[in-house]
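Reviewing the structure listed below.
Numbered from 1 within each chain, the chains take letters A, B, ... in sequence-line order.
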Amino acid sequence: MYALVDCNNFYASCERLFQPALIGKPVIVLSNNDGCVIARSNEAKLLGIRMGAPAFEIKDVILKNNVAVFSSNYVLYGDISRRVMNTLSQFAPEIEIYSIDEAFLNLSGFDIYDIEAYARKIVYTTTKNIGIPVSVGIAPTKTLAKVANKIAKKNQDKKGVFILNDKTSINKALEEFSVSDVWGIGRQYSKFLNKYNIFTALDFVNTNKEWIRKNMSIVGVRTMEELQGNPCIEMETTPPDKKAICTSRSFGTMQSEYEPIAEAVAQFAATCAAKLRKQKSCAAMMIVFIHTNQFRKDLKQYAKNIVVSLPVASNSSMELIKYAEIGLKAIYKKGFQYKKAGVIVSDIISENNLQTSLFDEVNRDNQKKVMQVLDKLNSKMGRDKVRIAQQGFSRKWKLRQEKLSPCYTTNINDILIVKT
DNA sequence: TCTGGGGTCCTAGGACCC
DNA sequence: TCTGGGGTCCTAGGACCC
């Protein structure tokens, strides 16, 4: 059996941890740049606030109902997540951290226990230790555990726990479960399946397997098998190295001049480099992109990306910034108002088996040492305290974050604020 | 009249997830 | 005024090999 543990309204719950007065009140968290709604407390959901709704469109609802609004604070959520996962890992020998707010636990061999009591203990302990409410779904496959979790969350009377462990209960659950809510079936496939009168998960399971294979590839077949109780998706206990790493942001205000955009792109390249170093790998290819605001139909539009090949794979901030600048210079055009830029690195290999070039003129040992010192200093003093000059300090492009909460658990100054 | 057989690698595009 | 960010996997088709 697998358990899927999912934090309830995670980001909203994190904000509430430090403002308990907000418990029972509507809370929402906005995306970067305070753009869209990305997390809602139950009370906010009841007000009809949709996931992904642009903040400016729901201004009236927010004011009228006194909704608490937060900018997203990923440093805080990341730290709370780490604590939740630590607690969860005590409950099973194998844990897969599936996302910032979800984890699968491998409960094989736990049949000898009262599995429901065990699940309640997970809910109780996490709530007590961390203060974040969670829901637990337990079933013979990961996809069914996802189903069980949704049922646990949806029905108040389940008190955060639901178990699917026999044919009858599984069939009944699938019959009442919309196919569009199944893990692995998104909007496009839902629409497609509905066209063929497949509306529930049970309809889907009873469909011809070859037909699924033809129309939804092997991925669809796996989902089908999983819903039938045959495990096809294994636990992934150690996260695989990333094959591509992307750093991109929308600008707080649109930018026309080259310099602030170059500063932003240098920052993104440096962040990509730091992420590469963290997983001990190097990238041999980079994509730089910029675009204007697609929502502003009244403005001239421009969007362009460029692929830059690195002669030797690298994870040095200095080198990545250099190539990002070359890319940006090639695609930047005067006369547009830019809204967003980004850097993607790929062709990623381990830093241990780097293929250097005969004609390589870069002193890689030196760069490596510099980066090690830089990482060490920044981990102690704070992100980007030491930086490459091109990353700059003007920050004209910086995010809009008007409702940012303090980093209560990670920033020394914020911690002091809490204490006093 | 009639034109083999069996592979690999790469890429773009489309689906999905949180 | 105002609309997020970061990933994965699979397939078909083309190019190429012998």
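Looking at A:E43 and A:R16, a side-chain N of the basic residue comes within less than 4.0 Å of a carboxylate O on the acidic one, giving a salt bridge. The pair A:R387-A:D384 fails the salt-bridge criterion, with no side-chain N (NZ, NE, NH1 or NH2) lying under 4.0 Å from an Asp/Glu carboxylate O.
Contact annotation: A:S250 reaches the phosphate of C:dG5 (side-chain N/O to OP1 or OP2, under 4.0 Å). Close to B:dA15, at under 4.0 Å from its OP1 or OP2, lies no side-chain N or O of A:R222. A sub-4.0 Å separation between OP1 or OP2 of C:dC2 and a side-chain N or O of A:N33 is absent. For the OP1/OP2 pair of C:dG5 and a distance below 4.0 Å, the side-chain nitrogens and oxygens of A:K340 include at least one atom meeting the criterion. Taking side-chain N and O atoms only, A:S248 has a distance below 4.0 Å to OP1 or OP2 of C:dG6. Close to C:dG4, at under 4.0 Å from its OP1 or OP2, lies no side-chain N or O of A:K339.
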Quiz item: For A:E96 and A:K142, what are the C-alpha separation, side-chain angles and deciding distance, and is it a salt bridge (Lys or Arg N to Asp or Glu O under 4.0 Å)?
Solution: CA-CA 11 Å; A:E96 171 182 342; A:K142 287 166 89 175; 2.6 Å; yes

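At the heavy-atom level, A:D34 lies nowhere under 4.0 Å from the strands shown. Among the heavy atoms of the strands, none lies under 4.0 Å from A:A53. Among the atoms of the strands shown, none is found under 4.0 Å from any heavy atom of A:V221. Within 4.0 Å (heavy atoms only), A:L30 reaches no atom of the nucleic acid at all. As judged by a 4.0 angstrom heavy-atom cut-off over every strand, A:K191 is placed among residues making no nucleic acid contact. When heavy atoms are screened at a 4.0 angstrom cut-off, A:E57 is found touching no nucleic acid atom at all. Residue-level contact check: A:S72 touches neither bases nor backbone, having no heavy atom under 4.0 Å from any strand.
Checking C:dG6, B:dC18, B:dA15 against the side-chain heavy atoms of A:Q188 singles out B:dA15 as nearest. Nearest nucleotide to the A:P54 side chain, out of C:dT3, B:dC16, B:dC17: C:dT3. Minimum atom distance to the side chain of A:F56 is reached by C:dT3, of the listed C:dG4, C:dT3, C:dC10. Minimum atom distance to the side chain of A:M254 is reached by C:dC2, of the listed B:dC17, C:dT11, C:dC2.
Taking atom P in both B:dT3 and C:dC18, the straight-line distance is 25 Å, to the nearest Å.
Here the two rings, on A:F70 and A:Y11, have centers that are 6.0 Å apart or farther.
For the pair A:F295 and A:D241, nearest-nucleotide mapping onto DNA chain C gives the more 5' position to A:F295. Across the interface with DNA chain C, nearest-nucleotide mapping of A:K242 and A:R296 shows A:R296 to be the residue nearer the 5′ end.
Without hydrogens or angle criteria, A:N33 side chain to A:F251 main chain gives a donor-acceptor distance under 3.5 Å.
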